[in-house]
Structures are given as structure tokens and as C-alpha cells.
Amino acid sequence: MSALIAPSILAADFANLQRDCELVNNSEADWFHLDVMDGVFVPNISFGMPVIKAIAQHANKTLDTHLMIVDPDRYIKTFADLGVNVLTVHYEACTHLHRTLQAIKAEGMQAGVALNPHTNVSLLEDTLKDIDMVCIMSVNPGFGGQSFIENTYSKVRSLKQMITDQGASTLIEIDGGVTNKNAAQLVEAGADVLVAGSYVFRSEDPTSTIAGLKSITA
Ligand code: DX5
Ligand code: ZN
């Protein structure tokens with residue numbers, strides 16, 4: 001089976017966002033990946049609600065929003081109102097993760113949890129059945145265009161095993177440094193969703209780059 005492909009808009013041309021949204025709409029991509037950074041949880045600031053509102057007016061696929069912010073609970077309802085479908089918070093930013101997950105679902109969204117490269121997947125053992133998607137960060141969050149961390153493969157395999165053991169239906173998303181060099185191995189290890197920013201938008205032909213990722217099967 002092929003993975004869901006989620007181009008990261010962080011690498012799009014912000015002066016031509018409508019054009020790049022149409023590109024993703026008309027490609028084989030499955031989702032839009034939207035990175036929200038607050039300059040506190042990560043050392044960078046990306047974009048927030050007004051930009052997501054503009055994207056939502058043009059995007060006609062699932063909006064997968066990755067919150068790299070402290071205290072994400074404050075904004076759950078706001079993102080639901082903007083039309084976000086999958087809302088991912090960082091494990092490291094949530095003191096009461098279980099409560100946060102319930103709050104996301106109560107707003108009608110799918111709940112995702114992202115793990116920094118140093119965070120062990122076993123920490124999700126007691127919440128796995130409440131998590132619709134785990135986003136394994138394969139770079140340190142904050143910037144596009146970084147190199148893929150090789151330890152990611154073993155994290156994917158461990159998480160996949162945990163999901164199977166618990167009979168959970170949690171999806172595994174990989175975010176950071178995804179290219180045609182690692183995508184097949186990631187899908188083989190158990191990845192369900194591949195986020196790709198620079199690899200897609202810095203390529204000669206983003207539409208065929210997306211098609212290439214989509215053609216990879218386990
Ligand atoms: C990094 C972001 C990623 C980023 C991926 O903090 O979460 O979604 O856009 O970009 P690439 O694919 O360029 O590593
Ligand atoms: Zn992301």
C-alpha cells in the first residue's frame with residue numbers, strides 16, 4: 001500500500017500561496033501539512049491563523065496542522081473553526097496530554113501527537129488508543145530543509161509493533177527530511193503518512209515529485 005503524501009506548505013512560495021495550494025489540489029497528494037511555530041517551543045516563527053484561513057479557502061484536501069507551540073490547548077477551538085481536520089500537538093508541550101487529546105476530538109478533529117527526535121515512542125503506551133496519529137519527527141522541529149535522522153527507522157518499527165500489539169488504528173506520520181532516498185524504507189517500516197517540504201517545493205516539477213512519492217509502496 002502507498003502512504004498518504006502531505007506536502008509541507010512551509011516550503012511553498014508564500015507570495016504565491018494560492019498557486020501552490022492549487023498545485024497540491026491538482027496533484028496526487030492526500031493532505032496539506034501546515035506548520036505553526038511560535039518562536040518559544042521552537043526557535044522559529046512560521047505562520048498562524050490568518051494564513052491558515054487563507055489556505056483553507058483554496059485547499060480542497062485534508063488540513064493536517066502541526067502545532068509547534070507551547071500551551072496548545074488555548075487554540076484548539078480556533079483551529080477547529082478554521083477547518084483543520086487533523087490537529088497535532090507536541091508530547092513535549094503537553095502537561096496533560098490525555099486531556100488535550102479529548103479536547104481536540106471534542107471539536108470534531110483527529111488528534112495527533114508529535115514526538116521530538118529524543119522522545120521515546122514508549123511514552124505513548126498508555127495513550128495510544130486515544131491517538132489518531134503519531135507524528136515522528138525525523139529532524140529537530142523548527143526548520144524545513146534539514147537532514148533526516150537515521151534513528152527514525154527504529155522508532156517507526158517500535159511504534160508499529162506497539163500499535164499492532166494494542167490493536168490500535170493509530171497512523172504513523174514522518175516529518176522532516178523525507179525524500180525518495182528514505183521514503184521506501186519508511187513505508188516498509190510502517191509509515192502511513194509522509195510529510196515532504198523542501199523535497200517537493202524545491203524540485204523542478206513538484207507535481208511529479210509528489211507522484212513519485214505516492215508511487216512508493218511497501
Ligand atoms: C519542521 C516541520 C516540517 C518541515 C519539513 O519543523 O515540522 O513539517 O516543513 O520540511 P522538510 O521536508 O523540508 O524537512
Ligand atoms: Zn511539520
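Position 1 is the first residue of the sequence, and the numbers go up from there. Remember, it's 1-based here, ligands and their atoms both numbered in the order they're listed. Side chains included, hydrogens not; waters and symmetry mates left out as well; all remaining heavy atoms used.
Short contacts between ligand 1 and G177, defined as distances under 4.0 Å to a heavy atom of the residue, involve ligand atoms 11 (P), 12 (O), 14 (O). The contact set between ligand 1 and H33, taken as ligand atoms under 4.0 Å from a residue heavy atom, comprises 8 (O). Ligand-side atoms of ligand 1 in range of L10: 9 (O), range being under 4.0 angstrom from any heavy atom. The ligand atoms of ligand 1 that sit less than 4.0 angstrom from a heavy atom of G144 are 10 (O), 13 (O). Atoms of ligand 1 lying under 4.0 Å from any heavy atom of G176, numbered from 1 in the order shown and given with element: 14 (O). If you number the atoms of ligand 1 from 1 as listed, the ones under 4.0 Å from a heavy atom of M137 come out as 7 (O). Taking a cut-off of under 4.0 Å to the non-hydrogen atoms of H66, the atoms of ligand 1 that pass are 7 (O). The atoms of ligand 1 that sit less than 4.0 Å from any heavy atom of S198 are 11 (P), 12 (O), 13 (O).
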Do E107 and F79 pass the side-chain contact (heavy atoms from CB on, under 4.5 Å) test, and can you show the C-alpha distance, the side-chain angles, and the key distance before you say yes or no? CA-CA 9 Å; E107 291 295 339; F79 285 108; over 6 Å; no

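Protein N/O/S atoms closer than 2.8 Å to the Zn ion (ligand 2): H33 NE2, D35 OD1, H66 ND1, D175 OD2.
Each of I52, N85, V86 was compared with T65 under the side chain to side chain contact (heavy atoms under 4.5 Å, CB included) criterion, and only I52 meets it.
Among protein heavy atoms, atom 12 (O) of ligand 1 sits closest to G197 N, 2.8 Å. Protein heavy atom in closest approach to atom 6 (O) of ligand 1: G142 N, 2.7 Å. When only non-hydrogen protein atoms are considered, atom 5 (C) of ligand 1 lies nearest to D175 OD1, 3.6 Å. Atom 9 (O) of ligand 1 has S8 OG, 2.8 Å as its closest protein atom, hydrogens excluded (heavy atom only). In terms of protein heavy-atom proximity, atom 1 (C) of ligand 1 is closest to F143 O, 3.5 Å. Protein heavy atom at the shortest distance from atom 4 (C) of ligand 1 is D35 OD2, 3.7 Å. At the top of the distance list for atom 11 (P) of ligand 1, counting protein heavy atoms only, stands G145 N, 3.7 Å.
Of the heavy atoms in Y199, none comes closer than 4.0 Å to ligand 1. Only the backbone of A196 comes within 4.0 Å of ligand 1, counting heavy atoms alone; no side-chain atom from C-beta on gets that close.
Within a 6.0 Å sphere centred on CZ of F201, other residues, nucleotides and ligands contribute more than 12 heavy atoms.
In this structure, the separation between CG on L123 and OH on Y91 is 4.0 Å, given to the nearest 0.5 Å.
Using a 4.5 Å cut-off between side-chain heavy atoms of Ile, Leu, Val, Met, Phe, Trp and Tyr, with links allowed through other members, I163 and L171 fall into different hydrophobic clusters.
Between T78 and D81, the side chains place no donor N or O within less than 3.5 Å of an acceptor N or O (distance only, hydrogens not considered). At a cut-off of 3.5 Å, with distance as the only test, no side-chain donor of N26 or T207 sits close to an acceptor on the other residue. No hydrogens or angles considered: nothing links the side chains of S138 and T152 as a donor-acceptor pair under 3.5 Å.
Checking only distances, Q146 never comes within under 3.5 Å of ligand 1, N or O to N or O.
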